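It should be emphasised that the depicted structure is a prediction, and the values quoted were computed from it without experimental measurement.
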Amino acid sequence: IPLTLPSGSTPLNVLDNQNIKQIEVIKGPAGSLYGAGTGGVLLLNSFPKEPTKERIVETSVGDYGLLKYSGEYNSKNDYMISQYKYSSQSSDGYRDQSFFERQTLETGIKVITPNNAYVGVSALYSKLNYGIPGGLTLQQFQDNPQQARAGSVSQNASIDQEDFILGVDIESEWTQYWSGGSTLFANVSKFENPFNFDYKSESRKSWGNRPWIQYRNTLADAKLKVKLGAEVHSGNNNARNYQNDGGVRDTLNFEDEIEIRNRSAYLVSDIELPGQIFINAGLSYNLVKFAVNRVATKENGVDPTLVSKDFEPKLVPRIGLAKKLNLYTTVHGNISGGFSPPTLEEFRTNDGELNEDLEPETGINYEIGIRGNSQNAKFTYDAAVFYFKLKESIVLTESQRDGTLAFANAGSTNQTGFELATTWNPIRNTQKFISNVEIQSTYTFHYFKFDEYILSGDDFSGNKLTGVAPHTVFASLSTDTKVGIYSLISYNFTDEIPLNDGNTVYSNSFHLMKAKLGFKKKFGSNDQISLDIYAGLDNLLDEQYSLGYDINAFGSRYYQPAPPLNWFGGLKFNYAVFN
């Protein structure tokens, strides 16, 4: 079920952590299977890897009015797995106008019939309301990081959003070699966004289908799997923009009826050859269309004006190769194309402009890497080097109107990088007091630069890519003891980041540390009951830093201050039922 809307936006903030049990990351362009895009794919699984019968209740509290509670009920038998989840989270926030409230309700059922057919039904309701404090200048950030941008409080700058997502998934095996299925999905959303200078109100509806067929066989000692599929994703938005009078809708500025059509077809194959050689290859064909019908304006009342944008169809290829050298080492490489049309928010900006000249991003990515583990599996590693050539990069620019966003194509960018991740378990599954120790670390190096980028007479060619840190480091140390006491301490370093295309303003680098201490114990005759009590500290070094930056911000309001040293704690209760 695509969480990404046909407009190109992905509302990850409608999800609670409880709604995500597993995450699989596909780096770089992956359009051969998952539609248009250049930035990779996140595959989110809401069911646990090993479904069990259990009841889970968790409550946590923290600084700045943080209160969260959730409940989960999971059940399974030979033919059906079901789950029901509820969560509520609220916070006053560190800054003025940074309140946060979210409630989610999720249900999912998977049924496996005697004839090897599978039917899954999933539904998610999310209600989200949070404040937008706005960006600060460097002087404001240093003087009083808790303040909001001028006007944010009086105009109630915020997001109030409701989403209902429904999906039905059907799969069946037709023969020993052939299988197929389809996923039907729909999303209905209500969106209210009072801002400092206007008030947006939208009703959004989207729906779609992902049919597929698959052939699987073994031919001449080679295992072959070929999948042919398509995705049809359509949307209809009614979008109105008003003047904002203290957080209340005032005079209508303009109203649009928006139709969105995404179409893609894909063919992907997996081949396992003798000698432990694995090949993945795919090709997709993508079509995207926006149609904006301006049905009303402030100046002329009803004045229908239709603007239609058909982006040129694009073939997107991908091929990957992996070779297992021995039991412990695998080398891999891939070449993948990318095609990413502008999102609706980039095509149709807050001030009512329609960027008809905005072109899709296109690019090609090359990557090679090696991964493996030690003989005793206590040490694992994954290293990769990549080069991504992106053309017609879409960048955020200063708007001609104070406080609104504008977007432009930035010619091309060259993105070269190195990534390394390691895990070491010096102590694992022992009967000593310290039963487990795990050390994780990651390092990324990004050498990203504009190749050719001229905007409004300014030549930024050769400058560092805005908003990208050249070096980031993460490390964590976790320990478990035989008596149930556990701890986790993590460290993150983020290098200085260019905040504008001219590279005249940089953020400061910063170091973050977080610590958590808890007690986890199982009780009962069959260890059916488990209790987890924990507490921790965030930003242990009490760094003054920005939780993200508004790049190329109007008025040099780049900074979104993050909380200083703060605390959290909680309790989790789990009751499992064993057959």
Is any side-chain heavy atom of [X] closer than 4.5 Å to a side-chain heavy atom of [Y]?
X	Y	result
Leu465	Phe460	no
Asp163	Asn187	yes
Ser179	Trp212	yes
Ile56	Lys572	yes
Leu3	Leu15	yes
Leu105	Leu124	no
Leu224	Thr218	no
Ile271	Lys223	no

I need the minimum non-hydrogen distance between [X] and [Y], along with the two atoms involved.
X	Y	answer
Ile489	Met513	CD1-CE, 3.6 Å
Val483	Phe433	CG2-CE1, 3.9 Å
Thr104	Ser126	CG2-OG, 3.8 Å
Glu496	Pro470	O-CD, 3.3 Å
Ala469	Asp495	CB-O, 3.8 Å
Ser264	Asn286	CB-OD1, 3.4 Å

Side chains of [X] and [Y]: is there a donor and an acceptor less than 3.5 Å apart?
X	Y	value
Asn209	Ser182	yes
Thr4	Thr10	yes
Glu345	Ser9	yes
Thr422	Gln440	no
Glu438	Asn436	no
Thr466	Asp501	yes
Asn373	Thr380	no

**Message:** Can you tell me which residue among Lys324, Lys323, Arg371, Glu367 is in a side-chain hydrogen bond (donor to acceptor under 3.5 Å, both in side chains) with His332?
**Reply:**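 In the set Lys324, Lys323, Arg371, Glu367, the residue that makes a side-chain hydrogen bond (donor to acceptor under 3.5 Å, both in side chains) with His332 is Arg371.
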
**Item:** Test log, rule ring pair (Phe, Tyr, Trp, His ring centres under 6.0 Å), inputs His471 and Phe493
**Value:** CA-CA 8 Å; His471 303 277; Phe493 167 75; 7.7 Å; no

**Message:** I'd like to check the salt bridge (charged side-chain N to carboxylate O under 4.0 Å, His left out) partners of Glu58; sequence neighbours left out, ordered by chain and number.
**Reply:**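 Glu58: no salt bridge (charged side-chain N to carboxylate O under 4.0 Å, His left out) contacts found.
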
**Asked** So, does Glu361 use its side chain to make a donor-acceptor pair with the main chain of Ile394 at under 3.5 Å?
**Response**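 Flag set: sc Glu361 to bb Ile394 pair under 3.5 Å.
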
**Message:** Closer than 3.5 angstrom, by distance alone: can the side chain of Lys520 be matched with the main-chain N or O of Ser530 as a donor-acceptor pair?
**Reply:**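 Judged by distance alone, no pair lies under 3.5 Å.
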
**Request:** For the pair Trp424 and Phe379, evaluate ring pair (Phe, Tyr, Trp, His ring centres under 6.0 Å) and give the outcome as yes or no after the intermediate values.
**Result:** CA-CA 4 Å; Trp424 180 37; Phe379 179 78; 7.7 Å; no

Compute both the distance and the angle, then confirm whether [X] meets the cation-pi test with [Y]: under 6.0 Å from the six-membered ring centre, within 45 degrees of the axis.
X	Y	result
Lys110	Phe47	yes
Lys516	Tyr534	yes
Lys27	Phe386	no

**Request:** Report the C-alpha separation of Glu359 and Glu312 in whole Å, then their side-chain angles, then the decisive distance to 0.1 Å, and conclude whether the side-chain contact (heavy atoms from CB on, under 4.5 Å) test is met.
**Result:** CA-CA 9 Å; Glu359 294 298 326; Glu312 184 179 349; over 6 Å; no

Could you check whether the rings of [X] and [Y] sit parallel, tilted or perpendicular, using 30° and 60° as the cut-offs?
X	Y	result
Tyr366	Tyr387	parallel
Tyr73	Tyr84	tilted
Phe347	Phe290	tilted

**Asked** Any ion pair linking Asp532 and Lys521 (charged N to carboxylate O, less than 4.0 Å)?
**Response**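 Judged by the 4.0 Å cut-off on N to carboxylate O distance, Lys521 and Asp532 do not form a salt bridge.
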
**Prompt:** Hey, is Glu72 close enough to Lys21 for a salt bridge, meaning N to O under 4.0 Å?
**Reply:**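 Salt bridge between Glu72 and Lys21, a charged N being under 4.0 Å from a carboxylate O: yes.
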
Evaluate whether atom [atom1] of [X] has more than 12 neighbouring non-hydrogen atoms of other residues, nucleotides or ligands under 6.0 angstrom away.
X	atom1	value
Lys289	NZ	no
Tyr447	OH	no
Ile109	CD1	yes
Phe523	CZ	yes
Lys514	NZ	no
Lys309	NZ	yes
Asn77	CG	yes
Lys314	NZ	no

Inter-residue atom distance [X].[atom1] - [Y].[atom2], 0.5 Å rounding:
X	Y	atom1	atom2	answer
Asn334	Ile319	CG	CD1	9.5 Å
Asn414	Glu452	CG	CD	9.5 Å
Leu488	Leu477	CG	CG	8.0 Å
Asn17	Ser87	CG	OG	9.0 Å
Asp451	Ser461	CG	OG	7.0 Å
Ile497	Ile551	CD1	CD1	10.0 Å

**Criterion side-chain contact (heavy atoms from CB on, under 4.5 Å) on Ile165 and Ile1, from CA distance to verdict** = CA-CA 9 Å; Ile165 303 171; Ile1 302 173; 4.1 Å; yes

**Prompt:** With sequence neighbours excluded, what pairs up with Asn492 under the side-chain hydrogen bond (donor to acceptor under 3.5 Å, both in side chains) test?
**Reply:**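 In terms of side-chain hydrogen bond (donor to acceptor under 3.5 Å, both in side chains), with neighbours along the sequence ignored, Asn492 is linked to Thr494.
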
**Request:** Not counting sequence neighbours, which residues clear side-chain hydrogen bond (donor to acceptor under 3.5 Å, both in side chains) with Thr430? List them please.
**Result:**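 side-chain hydrogen bond (donor to acceptor under 3.5 Å, both in side chains) list for Thr430, sorted by chain: empty.
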
**Asked** Does the pair Asp480 and Ser435 meet the rule for a side chain to side chain donor-acceptor pair (under 3.5 Å), with working shown?
**Response** CA-CA 6 Å; Asp480 295 301; Ser435 56; 5.5 Å; no

**Message:** Let's go through Ser46 and Glu106 carefully: what are the C-alpha distance in whole Å and the side-chain angles of both, what is the deciding distance for side chain to side chain donor-acceptor pair (under 3.5 Å) to 0.1 Å, and is it a yes or a no?
**Reply:** CA-CA 9 Å; Ser46 63; Glu106 180 190 356; 3.1 Å; yes

